Amino acid sequence: MHEYLKQHPGIFMPTLKDAAFFGSDIKYKHGRLFKDLDDYLRIFRSALDNQIIGDSCVAYLESKNAPQEIKEFNSAAKIIIMLRNPAEQMYSQYRHMLWEGNEVLDSFSEALDAEEARKRGERIPANTNYPPALFYREVASYSKKVKRYFDVFGRENVHIIIFDDFKSDTAGVYRDTLYFLGVNEDFCPEFERVNVGKAPRSRMLQKMLSGGLPKFITTPIKKIIPWTFINSILEKLKNINSKKTQHRPLDKELKRQLLQDFEQEINELENIIGRDLSFWRK
């Protein structure tokens, strides 16, 4: 959706995703990309006067502070939240962390079993920038997170997208999103598929690129070169070090068990967003 909105002439989306400026309660091991608000706003400097401006960051859903901080920054902000089947989301998150080099367990089941130990600070890979991203069940627990945005912005200013709808009717969901944002709904972008399955060519190199550099190196570099530029180079190198792959589907029995465990969570989410999600349970 970020890439499709970016193509719209009335919308400006920065090249950098997951800027993570808001959410003061989110603690990153290697620090944040931006030192202050002016530094953050530089990524939007190419926006035109007639464009609305957007930002995409998964951490904003995880953060308890982000909704209020965004509201204080811009009281007229509109929020878009895309939600995926919890079991599929957990597995997708695991595959992403594995690709980044932030997950070292080759078995998804083992990674799920390691959650409690990881919450105690154990079994966390040394280069993981944000350890809670390894708490897969918590990442896929949406109800309280969505409710925070409803409470702060009002239901009318929060647009919920179910990933299944986006996948089956991309153009229709896109038009609905444009309507919500108040821009021209007739524009149709190139719906090229992005974020396809990928795996690192060299896991060791991927860990180095994701693990961050020592502070005695980064501190002087940041004074000369914007850290956002350095980060973009690292992201490009990670993509170069990647190859497309067909991931093994999530084990059906494990998926059934996870959805059974999430029965109450799905029920709560249904009540909050007013949507029947029974198809998630199948």
Side-chain angles (χ1 to χ4, degrees), residues 1-6 8 10-84 89 93 129-133 135 138-162 176-183 222 226-232 235 265 268-269 271-275:
M1 180 61 83
H2 175 101
E3 297 301 326
Y4 302 157
L5 291 176
K6 187 177 178 181
H8 195 289
I11 301 173
F12 178 86
M13 301 294 288
T15 301
L16 177 69
K17 292 171 64 179
D18 289 316
F21 177 75
F22 301 102
S24 56
D25 54 327
I26 301 288
K27 307 301 180 185
Y28 297 97
K29 188 175 178 181
H30 308 309
R32 292 177 177 269
L33 283 174
F34 308 98
K35 62 180 183 293
D36 55 36
L37 179 59
D38 289 339
D39 194 26
Y40 166 65
L41 292 178
R42 286 192 184 96
I43 68 174
F44 306 103
R45 63 180 179 272
S46 299
L48 302 177
D49 291 339
N50 63 341
Q51 291 179 310
I52 62 172
I53 295 174
D55 185 11
S56 302
C57 184
V58 295
Y60 294 161
L61 191 60
E62 299 302 310
S63 168
K64 294 179 180 179
N65 296 352
Q68 190 58 45
E69 291 174 2
I70 295 172
K71 181 75 171 181
E72 291 172 0
F73 171 72
N74 179 11
S75 61
K78 289 181 176 289
I79 306 299
I80 300 171
I81 301 175
M82 186 180 293
L83 303 173
R84 189 175 188 174
Q89 173 60 34
Q93 174 81 0
N129 190 29
Y130 180 56
F135 308 161
E138 289 191 7
V139 168
S141 298
Y142 309 130
S143 59
K144 291 180 180 178
K145 303 169 187 176
V146 171
K147 187 176 184 301
R148 281 198 291 261
Y149 278 92
F150 282 2
D151 290 344
V152 173
F153 287 92
R155 180 65 180 86
E156 68 280 5
N157 293 312
V158 181
H159 183 55
I160 302 295
I161 299 173
I162 301 301
D176 290 343
T177 305
L178 297 182
Y179 176 78
F180 168 73
L181 294 174
V183 296
K222 285 181 180 180
W227 187 241
T228 50
F229 176 76
I230 299 172
N231 185 73
S232 67
E235 288 300 316
E265 166 62 29
E268 291 177 4
L269 181 64
N271 291 331
I272 290 171
I273 68 174
R275 170 74 187 270

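What you see is a predicted model; the values in this text were computed from it and never measured.
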Review point. Passes side-chain contact (heavy atoms from CB on, under 4.5 Å), I26 versus R32? Steps please.
Key: CA-CA 10 Å; I26 301 288; R32 292 177 177 269; 3.9 Å; yes
Exercise for review: Go through the steps to decide whether I161 and I81 satisfy the test side-chain contact (heavy atoms from CB on, under 4.5 Å), and finish with yes or no.
Suggested key: CA-CA 6 Å; I161 299 173; I81 301 175; over 6 Å; no
Review point. Can I70 and Q68 be said to form a side-chain contact (heavy atoms from CB on, under 4.5 Å), step by step?
Key: CA-CA 5 Å; I70 295 172; Q68 190 58 45; over 6 Å; no
Exercise for review: Using the side-chain contact (heavy atoms from CB on, under 4.5 Å) rule, take I79 and V152 through it: C-alpha gap first, then chi angles, then the decisive distance, then the call.
Suggested key: CA-CA 11 Å; I79 306 299; V152 173; over 6 Å; no
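With a 4.5 Å cut-off on side-chain heavy atoms, L33 and D39 do not count as touching. Proximity of R84 to Y142: side-chain heavy atoms (C-beta onward) are separated by under 4.5 Å at one or more points. Residues L181 and I80 meet the side-chain proximity criterion, which asks for heavy atoms closer than 4.5 Å. F73 is listed as a side-chain neighbour of L37, based on a closest heavy-atom distance under 4.5 Å.
Ring planes of Y149 and F153: parallel class, angle under 30° (limits at 30 and 60°).
Of the residues F12, Y40, F21, the one that meets the side chain to side chain contact (heavy atoms under 4.5 Å, CB included) test with D55 is Y40. Checking E3, H2, K17 one by one against S56, the side chain to side chain donor-acceptor pair (under 3.5 Å) holds for a single residue, H2.
More than 12 non-hydrogen atoms from other residues, nucleotides or ligands lie less than 6.0 angstrom from NZ of K6. Counting heavy atoms of neighbouring residues, nucleotides and ligands inside a 6.0 Å radius, atom OH of Y179 does not exceed 12 of them.
You'll find the ring centres of F34 and F22 outside the 6.0 Å limit.
When only modelled atom types and interatomic distance are considered, Y60 and D18 share no side-chain donor-acceptor pair under 3.5 Å.
When atom types are taken as modelled, the side chain of E268 and the backbone of E265 share no donor-acceptor pair closer than 3.5 angstrom. A side-chain donor-acceptor contact under 3.5 Å links K27 to the backbone of S24. In this structure a side-chain-to-backbone donor-acceptor pair under 3.5 Å is present from D25 to K64. Listed for the R148 side chain is no donor-acceptor partner under 3.5 Å among the backbone atoms of P67. With hydrogens and angles disregarded, a donor-acceptor distance shorter than 3.5 Å links the side chain of R155 to the backbone of V158. Side chain of Q89 to backbone of L83: no donor-acceptor contact under 3.5 angstrom is found. Listed for the N65 side chain is no donor-acceptor partner under 3.5 Å among the backbone atoms of G23.
In this structure, K78 is positioned above the aromatic face of F180, its NZ or CZ under 6.0 Å from the six-membered ring centre and within 45° of the axis.
Taken from CD1 in I53 to CD1 in I43, the straight-line distance is 10.0 Å, to the nearest 0.5 Å. Summarising the geometry, atom CD1 belonging to I11 is positioned 4.5 Å from atom CG belonging to L5; distances are rounded to the nearest 0.5 Å. To the nearest 0.5 Å, atoms CG (N157) and CZ (F150) are separated by 10.5 Å. The line from CG of L269 to NZ of K144 is 13.0 Å long, rounded to the nearest 0.5 Å.
With salt bridges taken as basic N to acidic carboxylate O contacts below 4.0 Å, none links D38 and R42.
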